[in-house]
Amino acid sequence: FQSTTPFLALLVCASLPTGHSDFNSTLQCGDLVFNESARCGPVLDSHLHTGMWFSSGEELVTEMTQACVSTGILYSVYTSFPLPVDPNTLTKKYCEESNGAIKGLASLNTTHKDWEKHREDELG
């Protein structure tokens, strides 16, 4: 398997719910991934980010499937520069589009110049 997108898959032995299981063969995933996922459970990528590589949750799930990852945890990250969409809103959208394959972690926007002014909105 070769991907055009930077992607890191972690094998973990954990009792996590399977997001999707579109890969069932050693042809796609190779013996190691197939055998370990059968022994340990789903393959989890524990550190996904939104970015310019994907425009939808479906695209991200397609990439995950190609990488033999069944569940991913998507982090919302606020930057010090303006973004075209709120990171938490985008993470929620990707999770909703993933049919359970992507779990999201929301973030507080701590990039405000005056945190005290925005504190209640962010924590509310």
Side-chain angles (χ1 to χ4, degrees):
F1 165 75
Q2 281 195 324
S3 171
T4 57
T5 306
F7 211 87
L8 173 64
L10 299 176
L11 292 177
V12 294
C13 291
S15 57
L16 293 170
T18 303
H20 68 285
S21 56
D22 294 339
F23 56 93
N24 295 355
S25 75
T26 56
L27 292 176
Q28 178 181 339
C29 300
D31 288 335
L32 175 64
V33 173
F34 184 75
N35 292 335
E36 288 302 300
S37 64
R39 182 176 71 86
C40 297
V43 177
L44 168 74
D45 186 325
S46 63
H47 202 136
L48 300 175
H49 288 281
T50 58
M52 63 184 168
W53 307 283
F54 307 106
S55 61
S56 71
E58 293 96 346
E59 288 180 9
L60 182 51
V61 169
T62 297
E63 184 78 11
M64 289 167 55
T65 301
Q66 291 173 348
C68 303
V69 172
S70 57
T71 303
I73 300 173
L74 181 62
Y75 289 77
S76 295
V77 177
Y78 284 92
T79 64
S80 58
F81 52 88
L83 296 171
V85 65
D86 177 74
N88 286 335
T89 301
L90 189 59
T91 295
K92 181 180 178 192
K93 175 184 175 285
Y94 280 23
C95 290
E96 290 171 347
E97 296 171 345
S98 76
N99 198 28
I102 300 171
K103 312 300 181 200
L105 292 177
S107 293
L108 295 175
N109 184 354
T110 60
T111 63
H112 299 292
K113 296 202 186 296
D114 183 359
W115 170 252
E116 290 304 317
K117 180 179 177 183
H118 297 276
R119 181 181 187 277
E120 292 305 316
D121 290 334
E122 291 299 326
L123 295 175

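Rounding to the nearest 0.5 Å gives a distance of 9.5 Å between NE2 of H47 and CG of L105. Within the model, atoms NZ of K103 and OG of S98 stand 6.5 Å from one another, a figure rounded to the nearest 0.5 Å. Remark: L74 CG to T91 OG1 distance equals 4.0 Å, nearest 0.5 Å.
Between the side chain of E36 and the main chain of L32, no donor-acceptor pair closer than 3.5 Å is present. Between the side chain of N88 and the backbone N or O of S107, at least one donor-acceptor pair lies under 3.5 Å.
Qualifying side-chain contact (heavy atoms from CB on, under 4.5 Å) partners for T79, counting only residues two or more places apart in sequence or in other chains: F81, L83. Every residue meeting the salt bridge (charged side-chain N to carboxylate O under 4.0 Å, His left out) condition with E97, not counting sequence neighbours, appears here in chain and number order: K93. When the side chain to side chain donor-acceptor pair (under 3.5 Å) test is applied to S56, the partners found at least two apart in sequence or on another chain are E58. For T62, the side-chain contact (heavy atoms from CB on, under 4.5 Å) partners are Q66, not counting sequence neighbours.
Counting only heavy atoms from C-beta outward, the side chains of L44 and I73 approach each other to under 4.5 Å. Residues C68 and V43 have side chains not in contact (no heavy-atom distance under 4.5 Å, counting atoms from C-beta outward). For the pair L108/L123, a side-chain contact is recorded, criterion being any heavy-atom separation below 4.5 Å from C-beta on. Annotation: side chain of L48 is in contact with side chain of M64 (closest heavy-atom distance under 4.5 Å). Here the side chains of V77 and H49 are in contact, with some heavy-atom distance below 4.5 Å.
Here the shortest heavy-atom pairing between P42 and S70 reads CB-OG, 2.9 Å. Scanning both residues, S76 and A106, for their nearest heavy atoms gives OG-CA, 4.1 Å. Between F54 and E59, the shortest heavy-atom distance links the atoms CA-OE1, 3.4 Å.
Under the 4.5 Å side-chain contact rule for hydrophobic residues, Y78 and Y75 do not share a cluster.
Among residues at least two apart or in separate chains, there is no ring pair (Phe, Tyr, Trp, His ring centres under 6.0 Å) pair with a member in residues 83-105.
Of the listed residues (V33, D45, V61), just one forms a side chain to side chain contact (heavy atoms under 4.5 Å, CB included) with V69, and that residue is D45.
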Scan the side chains in residues 112-119 for donor-acceptor partners under 3.5 Å anywhere in the protein, sequence neighbours excluded, and list what turns up.
{"residue": "H112", "atom": "NE2", "partner": "E122", "partner atom": "OE2", "Å": "3.1"}
{"residue": "D114", "atom": "OD1", "partner": "E116", "partner atom": "N", "Å": "3.4"}
{"residue": "D114", "atom": "OD1", "partner": "K117", "partner atom": "N", "Å": "3.4"}

